[in-house]
Amino acid sequence: MLVVRRHRGFPGPCARVPRRGLGAGAAGPLRHRRDDTGVLSGFEEALASGAAQITSLGDTYASGSVVVPEDQVRAYAAATEEALAAGHTGLRVAAEATPLVRTPTQLAAFLRYEHLVDRYMAERPFSAMCGYDTTQLDGPAITKLAGVHPCANRPAPFRLHAVAVRPDGDSGPAGGVFELGGELDASGHELLGALLERIDAGPGGLVVHAPELSFIDHRGLLMLADSARRRGGGLVLRTRATGAARLVEVLDIPDVRVEQIP
């Protein structure tokens, strides 16, 4: 995730995402404003060969559109398979997504999309970077968006996103497995609630791999447990944070297992 103060700060850094992909054999569409194409030097050959594409966001989405999360993931999945069939190693996308998250309704749908596309990216050769303009979005919106991205140039209290491999080391689909990092205290409760509303837990509940979690308070732990319970399963939290297991014991939280990791 890339946060910039105005849209002209976006294409230069973002262009490096598909450019690196092209060097590794991946195809690289880029969605942005047409008047920024001048910064994309070095793309001429890739554009001519079809390895790179430039698409105006306005040509893809109508003004004020609300993303349909499942449809958008299916569209990128189809594009990824097309890139593989054409002999590329995968697909990289860089998108200036500010117009898709301006309203609360748009933002809620986009957070759901981010969760679903994270799961897809964990299992297929597809990667993406989103860009957002802080002159058009408020602080809480930027914080929510940063919280669902594994990497961002804007800090968030914590990050919650899908991972590729189950914490026990088994490979394969990890539908109910998430990575949690950062510090989860009272300042992050609202963000955690917003993100938990939009995730899917697997049939066995919620597995949270948290090697970079430095702190979690009792309310955050209860929120994770409640989310897993509402989805018909328990919570497994794998963390280095030594206080989590003690909280579960003291509060007698049912269906929660804390596994200490080295």
Side-chain angles (χ1 to χ4, degrees), residues 1 66-74 76-77 97 100-101 104-124 126-128 130 140-152 156-168 170 172-185 187-213 216-217 219-239 241 244 253-259:
M1 172 179 163
V66 176
V67 166
V68 179
E70 293 79 4
D71 289 352
Q72 186 60 62
V73 174
R74 279 193 289 268
Y76 278 136
L100 301 177
V101 295
T105 300
Q106 286 181 308
L107 179 59
F110 207 81
L111 290 174
R112 169 67 177 169
Y113 155 72
E114 288 285 359
H115 161 66
L116 294 179
V117 81
D118 263 356
R119 285 174 51 184
Y120 177 74
M121 285 191 289
E123 299 166 12
R124 298 297 292 157
F126 171 73
S127 62
C130 305
I142 291 293
T143 299
K144 287 178 181 178
L145 290 163
V148 296
H149 285 82
C151 301
F158 64 88
R159 304 188 191 283
L160 181 69
H161 56 89
V163 293
V165 179
R166 295 184 180 89
D168 59 10
D170 293 338
V177 183
F178 303 89
E179 186 159 315
L180 175 65
E183 185 171 303
L184 185 44
D185 56 19
S187 66
H189 293 164
E190 182 180 356
L191 175 60
L192 180 62
L195 300 186
L196 288 176
E197 288 179 2
R198 290 164 181 88
I199 68 172
D200 295 324
L206 193 63
V207 179
V208 179
H209 187 49
E212 302 302 323
L213 181 67
I216 183 169
D217 67 1
R219 180 58 184 158
L221 193 57
L222 287 169
M223 291 174 72
L224 289 172
D226 288 344
S227 178
R229 198 173 299 114
R230 288 197 306 270
R231 291 164 171 82
L235 168 68
V236 177
L237 176 64
R238 303 189 77 242
T239 180
I253 307 175
D255 301 318
V256 176
R257 185 171 80 249
V258 177
E259 299 177 358

Asker: Atom CD of residue position Glu70 - does it have more than 12 heavy atoms of other residues, nucleotides or ligands inside 6.0 Å?
Answerer: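 Yes, CD of Glu70 has more than 12 neighbouring heavy atoms, counting only those of other groups under 6.0 Å.
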Asker: Apply side chain to side chain contact (heavy atoms under 4.5 Å, CB included) to Leu224 and Phe178, showing your working.
Answerer: CA-CA 11 Å; Leu224 289 172; Phe178 303 89; over 6 Å; no
Asker: How far apart are the closest heavy atoms of Pro69 and Arg112, and which atoms are they?
Answerer: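 Minimum heavy-atom separation between Pro69 and Arg112: CG-CG, 3.6 Å.
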Asker: Please find the pair of heavy atoms, one from Gly220 and one from His189, that lie closest to each other, and give the distance.
Answerer: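 What the structure gives for the nearest pair is N-NE2, 3.8 Å.
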Asker: Could you walk me through whether Leu235 and Ile253 satisfy the side chain to side chain contact (heavy atoms under 4.5 Å, CB included) test, starting with their C-alpha distance in whole Å, then the side-chain angles of each, then the deciding distance to 0.1 Å, before giving a yes or no?
Answerer: CA-CA 10 Å; Leu235 168 68; Ile253 307 175; over 6 Å; no
Asker: Which value, rounded to the nearest 0.5 Å, describes the distance between Leu221 atom CG and Leu184 atom CG?
Answerer: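 Leu221 atom CG to Leu184 atom CG measures 9.0 Å (nearest 0.5 Å).
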Asker: Hey, mind stepping through Thr239 and Val208 against side chain to side chain contact (heavy atoms under 4.5 Å, CB included) and telling me if it holds?
Answerer: CA-CA 8 Å; Thr239 180; Val208 179; over 6 Å; no
Asker: Please round to the nearest 0.5 Å and tell me the distance separating atom CZ of Arg257 and atom CZ of Arg238.
Answerer: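 Interatomic distance, Arg257 CZ to Arg238 CZ, rounded to 0.5 Å: 9.5 Å.
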Asker: Which heavy atom of Leu195 sits nearest to which heavy atom of Gly147, and what is that distance?
Answerer: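 Closest approach of Leu195 to Gly147: CD1-O, 3.8 Å.
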Asker: List the atom of Arg229, the atom of Pro254, and the distance in Å for their closest heavy-atom pair.
Answerer: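 Closest pair (atom of Arg229, atom of Pro254, distance): NH2-O, 3.3 Å.
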Asker: Within this structure, what is the CD-CD1 distance for the pair Glu114 and Ile199, rounded to the nearest 0.5 Å?
Answerer: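 The distance works out to 14.5 Å.
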Asker: Please check if the side chain of Arg198 supplies one atom and the backbone of Ala194 the other of a donor-acceptor pair under 3.5 Å.
Answerer: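 Between the backbone of Ala194 and the side chain of Arg198 there is a qualifying donor-acceptor contact (under 3.5 Å).
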Asker: Taking atom CG of Leu116 and atom CE of Met121, what is their separation to the nearest 0.5 Å?
Answerer: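 It comes to 11.0 Å.
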Asker: For a quick test of reading the model, state the closest non-hydrogen atom pair linking Arg119 to Ala162 and the distance between them.
Answerer: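 In terms of heavy atoms, the two residues are closest at CG-CB, 3.6 Å.
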Asker: Quick one: CG on Leu191 to NZ on Lys144, what's the gap to the nearest 0.5 Å?
Answerer: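 It comes to 8.0 Å.
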Asker: Is there side-chain contact between Arg231 and Leu206, with heavy atoms separated by less than 4.5 Å?
Answerer: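 The answer is no, as the side chains (C-beta and beyond) never meet within the 4.5 Å cut-off.
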Asker: Is the distance between the ring centroids of Tyr76 and Phe126 less than 6.0 Å?
Answerer: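 Yes - the distance between ring centres of Tyr76 and Phe126 falls below the 6.0 Å cut-off.
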Asker: Could you go through the side chain to side chain contact (heavy atoms under 4.5 Å, CB included) check for Arg219 and Leu192 one step at a time?
Answerer: CA-CA 10 Å; Arg219 180 58 184 158; Leu192 180 62; over 6 Å; no
Asker: What's the spacing between Gln72 CD and Phe110 CZ if we round to 0.5 Å?
Answerer: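 Result: 7.5 Å between the selected atoms.
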Asker: Identify the residue among Val66, Val67, Leu111 that makes a side chain to side chain contact (heavy atoms under 4.5 Å, CB included) with Gln106.
Answerer: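 That would be Val66; it is the only one of Val66, Val67, Leu111 passing the side chain to side chain contact (heavy atoms under 4.5 Å, CB included) with Gln106.
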Asker: So which atom in Ala156 and which in Ala146 form the shortest heavy-atom distance, rounded to 0.1 Å?
Answerer: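 Where Ala156 meets Ala146 most closely, the heavy atoms are CB-CB, 3.9 Å.
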